[in-house]
Amino acid sequence: MAADPVSALAAQLGPEVVLERPSESEHGDYATNAALRLAGVRRMAPRELAAELAAAAEALPHVARAEIAGPGFVNLFLEDGWFVEALGTILADGDAYGGGSAQPAQRIQVEMVSANPTGPITVASARNGAYGDSVARLLEHAGHDVEREYYYNDSGAQMDRFRASVEAARRGDEPPADGYQGAYIAELAQVRGDPVPAMRKQIEDSLERFRVHFDSWANQSEIEHGVSELLPRIDTYEADGTLWARTTEHGDDKDRPLIRSSDGSYLYYAADIAYVHDKFTRGFDKAIYVLGADHHGYVARLKAAAAMLGYDPARVEVLLYQLVHLTKGGESTKMSKRRGDVVFLDEFIDEVGLDAARWYLVNRGPDQTMEIDVDLAAEKSQKNPVYYVQYAHARIAGILRNVEGARDDVSQATALEPLERELIKRLAEFPGVVADAAAKRGPQAIPAYAIRVADDFHRFYHEHRVLESDQQEFRLALCRATQTVIAKALDLVGVAAPHRM
RNA sequence: GCGCCGGUAGCUCAGGGGACAGAGCGGCGGACUUCUAAUCCGCGGGUCGGAGGUUCGAAUCCUCCCCGGCGCACCA
């Protein structure tokens, strides 16, 4: 596990001690409410317990003093030596800094996007990709072995309608009822042959461009082959000439039909069961599904599928994100691929830029419904904080460019400036922020943190010179550490860290 | 009706038991002979949807209510 200077300090005070950065500088560099939390269990007065903690803290190296405040907070004031050491560990960890929080490391599959190949990737699916991919990146950084998979629903009625729609366009006819329309159908009609492979190619290219890289692609048509051998293993019954899975035995709110009564064909839940089985057979410890909020009913039935097959349902994890609504000049428009009434990912990227698009779609928490005004998106993207963060990275790159080959050396620090201490404290937060974001599946914490880092750096940069200062070697080290952290933070949300802007 | 997710500054949203609630955008006013001004500094702006409850302490947890989004198919 990579180093975390703050946790290391906290651990010296006890296993239950967690350090936080107080919002007020009078409250020290770090503070803990451990005395308040533990007072009840220990049957001690909070301030008495706080006094013990404070005494223990003052005995530690680099702790200048510890103060008891309010009902029982302990505020720590640290010497420069602590900051210098913290910076040293950050630099020593390099790209691995903040990683390795996984315990234990697992093989995890993140299945995401999985939109029907009946049209290009829309902004709605892009949110799935931006969110899912960032979670995957966080899990990787935490030390898990992660694979990303896309599941194609390639055997349903939607596909027939899609092919029929292209056929109709080739004949110059109107699309069939419930068919698809839009410019992309007309384009596909220009080329001979099955439009599905062409559509899939386009989807895969769009996602690759969006920096969502898939390791594997699953097809429902192939997964379905596994259904028949699984049927005996699960709890089923016949009613009304239909075969049902007794999912209510495993927490679902109603049983699910498996095989259609009229023609004997498999219904989607049959494929879902086979797919869950397929995932675990391939050796994943955990199967993460990234689904839009309109699929929240899936949670119970996917877990039920795992349970019926004899797997621990906790190994199925469903990440839901709220939907994307499009507005145009304030008026809402419904997204529908069939009507061609959508904004495609590629258009969105063209309009707002790749980095701004990724940032935008992950910046908001998954539980928050997202409204995108098509008319304002491009204009607003100019003010996207992503550029503020990237600029900090580019500024540092500029400094380092000017002194290529020059030494940086943390130990050359003399008295640290307040802004230097603030910046180091910010960098020291990174392991905690990243571990928390990974555990909570909440990548939106990363952009928020990155802004804070950029904030602290820009302030430092404005106030103090790096080159030709008597602190040059130390400040170069500080710059390099900041650059590493910003680059990693941006990478975790799929955004580039440019060296020039 | 039942279930899931929201309701925090003019707007878009962070925060999700701790010390006076944060940011961006928008508004107003300042700062470049300097390693990138895509920057920095200052000012203004809040019944954290409402009501109860738990707690030393609630925007945060519990209950009820109001408003909005999304579900509740032999479609996927």
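Below, chains carry the letters A, B, ... as their sequence lines are ordered, and counting in each starts from 1.
- Here, B:A19 and B:A59 have their C1' atoms 15 Å apart, quoted to the whole Å.
- Atom-to-atom, CE of A:M370 to P of B:U12 comes out at 14 Å; the value is rounded to the nearest Å.
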For nucleotides 39-43 of chain B, print each protein N/O atom paired with a nucleotide N/O atom at under 3.5 Å, atom names and distance only.
unit_1, atom_1, unit_2, atom_2, d
B:U39, O2', A:R395, NH1, 3.1
B:C40, OP1, A:Y388, OH, 2.3
B:C40, O2', A:H462, ND1, 3.1
B:C41, OP1, A:R459, NH1, 2.9

Can A:Q472 and A:V403 be said to form a side chain to side chain contact (heavy atoms under 4.5 Å, CB included), step by step? CA-CA 10 Å; A:Q472 174 171 323; A:V403 290; 4.2 Å; yes

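- The aromatic rings of A:W217 and A:Y152 sit parallel, their planes meeting at an angle under 30°, below the 60° perpendicular limit.
- Comparing the C1' positions of B:C28 and B:C66 gives an interatomic distance of 38 Å, to the nearest angstrom.
- Nearer the 5' end of RNA chain B, as judged by each residue's closest nucleotide, is the contact made by A:D436, out of A:D436 and A:A69.
- Note on ring orientation: taking the six-membered ring where Trp is involved, the planes of A:Y461 and A:F457 are tilted (angle from 30° to 60°).
- Side-chain N/O atoms of A:S262 and base N/O atoms of B:C74 include no donor-acceptor pair closer than 3.5 Å.
- Between the NE2 atom of A:H296 and the P atom of B:C72 there is a distance of 8 Å, rounded to whole Å.
- Near-neighbour residues of RNA chain B inside residues 236-243 of chain A, defined by a heavy atom below 4.0 Å, number-ordered: A:D240, A:T242.
- Remark: the A:S165 side chain and the A:Q181 side chain contain no N/O donor-acceptor pair separated by less than 3.5 Å.
- Every residue two or more places apart in sequence or in another chain was checked for a salt bridge (Lys or Arg N to Asp or Glu O under 4.0 Å) with A:E48, and none qualifies.
- Partners of A:H462 by ring-ring contact (aromatic ring centres under 6.0 Å, His included), not counting sequence neighbours: none found.
- Among the heavy atoms of the strands lying under 4.0 Å from A:R364 are primed sugar atoms or P, OP1, OP2 only; no base atom is included.
- Screening residues 353-385 of chain A for ring-ring contact (aromatic ring centres under 6.0 Å, His included) gives no qualifying pairs among residues at least two apart or on separate chains.
- When base pairs are accepted only as Watson-Crick or G-U wobble with both N-N or N-O distances under 3.5 Å, RNA chain B takes part in stems of 3 or more pairs at B:1-7 with B:66-72, B:10-13 with B:22-25, B:27-31 with B:39-43, B:49-53 with B:61-65.
- Atoms CG and CG, on A:L19 and A:N75 in that order, are 10.5 Å from each other to the nearest 0.5 Å.
- A:A271 comes within 4.0 angstrom of no nucleic acid atom, judged by non-hydrogen atoms across all strands.
- In this view, A:Y275 and A:Y151 satisfy the ring-ring contact (aromatic ring centres under 6.0 Å, His included) rule, not counting sequence neighbours.
- Judged by closest nucleotide on RNA chain B, A:T369 is the one of A:N153 and A:T369 placed further toward the 5' end.
- Within the structure, salt bridge (Lys or Arg N to Asp or Glu O under 4.0 Å) pairs that include any residue of residues 262-273 of chain A comprise A:R260-A:D263 (at least two apart or interchain).
- Side chain of A:R47 to backbone of A:G70: a donor-acceptor contact under 3.5 angstrom is found.
- For the pair A:R127 CZ and B:C5 C1', the computed distance is 11 Å after rounding to whole Å.
- Remark: A:E317 engages A:K286, A:R441 in a salt bridge (Lys or Arg N to Asp or Glu O under 4.0 Å) (not counting sequence neighbours).
- Residue A:L320 contributes atom CG, which lies 11 Å from atom P of B:G6 at whole-angstrom precision.
- With P as the reference atom, B:C70 and B:G10 are 26 Å apart, rounded to whole Å.
- Between A:F73 atom CZ and B:G17 atom P there is a gap of 15 Å when expressed in whole angstrom units.
- For RNA chain B, the residues of residues 491-501 of chain A within the heavy-atom distance limit of 4.0 Å (strictly under) are A:H499, A:R500, A:M501, sorted by number.
- The side chain of A:K383 contributes an N or O atom lying less than 4.0 Å from OP1 or OP2 of B:G26.
- Remark: A:K254 is not in phosphate contact with B:C2, judged by side-chain N or O atoms under 4.0 Å from OP1 or OP2.
- One C1' atom belongs to B:G45, the other to B:U12, and the distance between them is 16 Å to the nearest Å.
- Residue A:D367 contributes atom CG, which lies 13 Å from atom C1' of B:C13 at whole-angstrom precision.
- Neither OP1 nor OP2 of B:G22 sits under 4.0 Å from any side-chain N or O of A:R452.
- Residues forming a side chain to side chain contact (heavy atoms under 4.5 Å, CB included) with A:S228 (at least two apart in sequence, or on another chain): A:Y266.
- Under 3.5 Å, the side chain of A:D154 and the base of B:A76 form no donor-acceptor pair of N or O atoms.
- Here A:H325 does not count as stacked on B:G69, because the ring centres are not under 5.5 angstrom apart with planes under 30°.
- Note: CG (A:L319) to P (B:C5) measures 14 Å, nearest angstrom.
- Separation of the P atoms belonging to B:G6 and B:U60 is 13 Å when rounded to the nearest angstrom.
- Between A:Q368 and the phosphate of B:A14, there is a side-chain N or O to OP1/OP2 separation shorter than 4.0 Å.
- With 3.5 Å as the limit, one finds a donor-acceptor pair spanning the side chains of A:D455 and A:Y388.
- With rounding to the nearest 0.5 angstrom, the CE atom of A:M308 is 9.0 Å from the OG1 atom of A:T236.
- Taking atom P in both B:U39 and B:G16, the straight-line distance is 27 Å, to the nearest Å.
- Comparing B:A14 with B:C25, their C1' atoms are spaced 14 Å from each other, to the whole Å.
- Each ring-ring contact (aromatic ring centres under 6.0 Å, His included) pair with one or both residues in residues 474-500 of chain A, not counting sequence neighbours, appears once here: A:H393-A:H499.
- Rounded to whole Å, the separation between the P atoms of B:G15 and B:A9 comes to 15 Å.
- Atoms CD (A:E20) and P (B:A19) sit 9 Å apart, rounded to a whole Å.
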